[in-house]
There are 2 protein chains.
Amino acid sequence: MQVSARGEYAVRISVTLAHGHPRTISASTLAAAQELPRKFAEVILGDLRRAHLVDSVRGVEGGYRLSRAPEDISVGEVLRAVDGPLSEIRGRRPEETSYEGAAVNLPRLWVAARAAVRSVFDGVSLAQAATGEFPLRVAELTAEEDAWMPR
Amino acid sequence: MQVSARGEYAVRISVTLAHGHPRTISASTLAAAQELPRKFAEVILGDLRRAHLVDSVRGVEGGYRLSRAPEDISVGEVLRAVDGPLSEIRGRRPEETSYEGAAVNLPRLWVAARAAVRSVFDGVSLAQAATGEFPLRVAELTAEEDAWMPR
DNA sequence: TTGAATCCTACTTGATAGATAGGATATGCT
DNA sequence: AGCATATCCTATCTATCAAGTAGGATTCAA
């Protein structure tokens with residue numbers, strides 16, 4: 001479950017937009033707020049716009065705003081918009097994998113792993129990510145101390 | 001949750017070793033069984049050996065075998081041995097992330113996502129992966145039809 | 001008309017994945 | 001001893017991609 005710089009930036013930007021919703025915020029302001037390169041932020045906002053997750057307004061007083069309510073956009077949608085599918089196995093979708101011999105059951109494992117990832121990223125809205133009020137199922141995952149330990 | 005070619009190959013090799021356990025199997029045989037490049041399989045088996053997940057025997061009749069019982073090695077261990085940590089956010093561990101402003105709650109989200117991935121990969125042994133008899137919690141994730149659909 | 005913003009195209013740079021090559025070294029069998 | 005079959009080691013290659021930068025064209029409100 002690698003999240004790229006693009007992915008991380010996109011979520012930080014989106015959460016910032018959610019926080020200020022429905023005001024429009026400029027790329028420079030967003031970049032400054034999250035301390036990320038302005039030009040790169042512009043590129044990412046372009047991706048989000050093309051995915052119809054944000055609307056943009058040109059000109060002075062222009063900027064970006066979420067195209068839907070923050071409660072209605074999931075973190076998963078944002079990640080997919082900039083990084084593609086949440087889960088890939090050697091560049092393929094989990095359900096597209098297929099093996100011979102002792103490995104025949106692996107597709108089910110890949111699908112299970114994807115489902116687990118989805119349950120978190122598709123289950124958390126930008127509004128929840130901004131407030132920190134995660135769904136119970138997600139909050140439980142962080143409750144055990146072990147979840148915070150590297151392995 | 002991207003699984004690289006190395007990771008996929010490593011799991012396929014490990015599951016094949018689990019299936020034949022405790023016989024030793026040569027790199028060429030393993031590569032042929034799973035239709036992967038022999039030299040690359042050797043490299044991966046070297047990683048698994050250095051991680052103490054497999055033992056090797058040199059010479060004629062040599063090869064590789066799991067260093068522990070297939071019930072006692074998780075898929076997660078195999079993936080970590082060849083690909084490093086299961087989850088990284090812009091190259092950092094989830095619990096090492098830290099943000100300002102509207103993004104302050106994101107570390108909890110990253111940790112939750114990692115916990116979800118771990119619950120699958122650390123919860124499934126090579127023996128289970130080989131037989132397809134996954135733990136109930138994992139099997140449930142693949143039960144819903146939606147889990148098999150791309151998004 | 002001017003200033004501030006988005007938007008577009010192109011480019012650079014470094015790292016990494018995914019191999020492949022060739023041979024040194026170990027081991028068992030005859 | 002000699003040979004076949006393995007592992008093991010070091011090095012190299014190549015294409016792709018992530019991450020970020022550059023420069024300017026376009027839009028729009030005051």
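All values reported here derive from a predicted model rather than from experimental measurement. The sequence lines fix the lettering, A, B, ..., with proteins before strands; numbering per chain opens at 1.
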Main chain of [Y], side chain of [X]: is a donor-acceptor contact present, judged purely on distance under 3.5 Å?
X	Y	value
Glu100(B)	Ala33(A)	no
Ser125(A)	Ser74(A)	no
Arg137(B)	Ser119(B)	yes
Ser26(B)	Gly63(B)	no
Ser67(A)	Leu53(A)	yes

Exercise for the section: For the pair Arg68(B) and Glu77(B), find out whether any cationic side-chain nitrogen is under 4.0 Å from an anionic carboxylate oxygen. Expected result: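 Salt bridge between Arg68(B) and Glu77(B), a charged N being under 4.0 Å from a carboxylate O: yes.
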
Problem - Angle by which the axis turns from one end of the helix from dT1(C)-dA30(D) to dT30(C)-dA1(D) to the other, five pairs per end, to 10 degrees - result: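 That helix gives 10° between its end axes.
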
Exercise for the section: Tell me, please, which residues at least two apart from Glu96(B) pass side-chain contact (heavy atoms from CB on, under 4.5 Å). Expected result: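 By the side-chain contact (heavy atoms from CB on, under 4.5 Å) rule, Glu96(B) matches Arg92(B), Arg93(B).
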
Practice task
Using the test side-chain contact (heavy atoms from CB on, under 4.5 Å), find all partners of Glu133(A) that sit at least two apart in sequence or belong to another chain.
Solution key: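 Thr131(A).
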
Would you tabulate the pairs of protein nitrogen or oxygen atoms and nucleotide nitrogen or oxygen atoms of nucleotides 16-18 of chain C closer than 3.5 angstrom?
| from | atom 1 | to | atom 2 | distance (Å) |
| --- | --- | --- | --- | --- |
| dG18(C) | OP1 | Ala5(B) | N | 3.2 |
| dG18(C) | OP2 | Ala5(B) | N | 3.3 |

Practice task
Would you jot down, in residue-number order, the residues of residues 52-69 of chain A having a non-hydrogen atom under 4.0 Å from DNA chain C?
Solution key: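 Residues of residues 52-69 of chain A that come under 4.0 Å of DNA chain C are, in numerical order, Ser56(A), Val57(A), Arg58(A), Gly59(A), Val60(A), Gly63(A), Tyr64(A).
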
Problem - Sorted by number, the residues of residues 12-33 of chain A with heavy-atom contact under 4.0 Å to DNA chain C - result: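 Heavy-atom contacts with DNA chain C come from Ser26(A), Ala27(A).
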
Exercise for the section: Could I get the full list of ring pair (Phe, Tyr, Trp, His ring centres under 6.0 Å) partners for Tyr64(A), not counting sequence neighbours? Expected result: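 Partners of Tyr64(A) by the ring pair (Phe, Tyr, Trp, His ring centres under 6.0 Å) criterion come out as none, since no residue qualifies.
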
Problem - ring pair (Phe, Tyr, Trp, His ring centres under 6.0 Å) partners for Tyr9(A), two or more places apart - result: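 If we apply the ring pair (Phe, Tyr, Trp, His ring centres under 6.0 Å) test to Tyr9(A), skipping adjacent residues, the hits are Phe40(A).
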
Distance check needed: [N] [atom2] versus [X] [atom1], whole Å only.
X	N	atom1	atom2	result
Gln2(B)	dT16(D)	CD	C1'	15 Å
Leu36(A)	dT21(D)	CG	P	11 Å
Glu8(A)	dG20(D)	CD	P	10 Å
Glu35(B)	dA19(C)	CD	P	14 Å
Glu88(B)	dA18(D)	CD	P	15 Å

With sequence neighbours excluded, residues passing salt bridge (charged side-chain N to carboxylate O under 4.0 Å, His left out) with [X]:
X	answer
Arg6(B)	Asp47(B)
Glu95(B)	Arg114(B)
Arg23(A)	none

Practice task
Mind running side chain to side chain contact (heavy atoms under 4.5 Å, CB included) on Arg12(B) and Leu36(B) for me, showing each step along the way?
Solution key: CA-CA 10 Å; Arg12(B) 289 163 67 187; Leu36(B) 29 98; 4.0 Å; yes

Handout entry: Full working for side chain to side chain contact (heavy atoms under 4.5 Å, CB included) between Leu45(A) and Leu30(A)
Key = CA-CA 10 Å; Leu45(A) 283 159; Leu30(A) 289 165; 3.9 Å; yes

Show me the protein contacts with nucleotides 9-14 of chain D, counting only N or O atoms at under 3.5 Å.
| from | atom 1 | to | atom 2 | distance (Å) |
| --- | --- | --- | --- | --- |
| dC9(D) | OP2 | Arg49(B) | NH2 | 3.2 |

